[in-house]
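Contents: one structure, followed by commentary.
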Amino acid sequence: MKTYIVGNWKLNFTVGEASIYLHKILKTLPNYRDVDVVVAPSLIALQPLSLQIDRHKVKLAAQNAFYRDYGAFTGEVSFSQLRGLVDYAIIGHSERRYILREDDKMVAKKVAAAIRNRITPILCIGETESERAFGETADVIRDQLIGGLSEVADDDLDNVIIAYEPVWAISSSKSAKIATPDEVAEVVKLIRKVIADTYGKDLAEKVPVLFGGSVNTSNAGAYLTVPGVNGLLIGGASLILSEFVDIIETAKRVRS
Ligand code: 13P
């Protein structure tokens, strides 16, 4: 299976800064066939960046979009408008769930809208610190996974990527802690079990599962060797050229 290294730039970089940064990434990176490098700039940068990108080296992801294709939805951008511009879309990121109040129903509609528009959804799931403390991790993962996939036809499920991002391990969260590879392994195993129980073993083995949460150059290799992990979703470290490239090189090394 391919390895995915996805940089989520969140609300960082002007369009000009994003363009310069992408230029540097493209200049520095060789073409790694078995590592899919993806960057998710802000929506406003997607159009200009799509013109400068070399899709053999780096692909684009949206950080979000709206689930209806057109209509009276002031301020929204639809997946149909992004069709052709991006290959992937991050959906259900915890910052959208908890700051912008997106629930599983909305996440499910967005996952379906992405697939309808030939964009691969990267469905983010993960428990908060208190949910973990109360022993609710497995329930949260199951609910977010089944809820997020509820509008996807079985035939389309092999077009989905799952990203496990424990909220408590995201670098910008108040009490950011580092998840141990064992903690990640346990939840990734659970994710595959929930998929196997709901959709069958075949799909459970095929669906790529990424890990995200304070990934950096010194821990990337350890997370990439966790059984069942097929890549990384990176926030802070993806904004620093040397770190991002180093993580991509680690992925190449670990996977070959
Ligand atoms: P950090 O890598 O900064 O912890 O962010 C993780 C994340 O939220 C990526 O989507």
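When a residue number appears, it is its place in the shown sequence, counting from 1. Ligands are counted one by one from 1 in listed order, and the atoms in each one are counted from 1 as well.
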For [atom], what is the nearest protein heavy atom, given as residue, atom name and distance?
atom                   : result
atom 1 (P) of ligand 1 : Ser171 OG, 3.4 Å
atom 2 (O) of ligand 1 : Gly235 N, 2.8 Å
atom 7 (C) of ligand 1 : Glu165 OE2, 3.0 Å

request  = Please indicate whether Ile44 has more than 12 foreign heavy atoms, meaning atoms of other residues, nucleotides or ligands, lying under 6.0 Å from its CD1.
outcome  =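 Counting neighbours around CD1 of Ile44, 12 or fewer heavy atoms of other residues, nucleotides or ligands fall under 6.0 Å, so no.
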
inquiry  = Polar contacts were defined as any N/O atom of the residue lying under 3.5 Å from an N/O atom of the ligand; does this apply to Asn8 and ligand 1?
reply    =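 Checking ligand 1 against Asn8, an N or O pair does fall under 3.5 Å apart.
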
key: Geometric N/O contact Gly213 with ligand 1, under 3.5 angstrom   =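 No.
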
query = Between Thr137 and Glu131, do the side chains contain an N or O donor and an N or O acceptor separated by less than 3.5 Å?
reply =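 Looking only at side-chain atoms, Glu131 and Thr137 do not form any donor-acceptor pair under 3.5 Å.
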
ask   = Would you call Arg116-Asp69 a salt bridge at under 4.0 Å N-O?
value =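 Yes, charged N to carboxylate O under 4.0 Å.
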
ask   = Contact between Ala237 and ligand 1, counting heavy atoms under 4.0 Å?
value =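 It does not, in that no heavy atom of Ala237 comes within the 4.0 Å cut-off of ligand 1.
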
task = For the pair Tyr164 and Phe211, name the ring-plane relationship: parallel under 30°, tilted 30 to 60°, perpendicular over 60°.
result = tilted

ask   = Any chance the rings of Tyr67 and Phe79 have centres within less than 6.0 Å?
value = no

query = What pair of heavy atoms forms the shortest contact from Leu60 to Leu85, and how long is it?
reply = CD1-O, 3.7 Å

ask   = Short list, please: which atoms of ligand 1 are under 4.0 Å from a heavy atom of Gly236?
value = 1 (P), 2 (O), 3 (O)

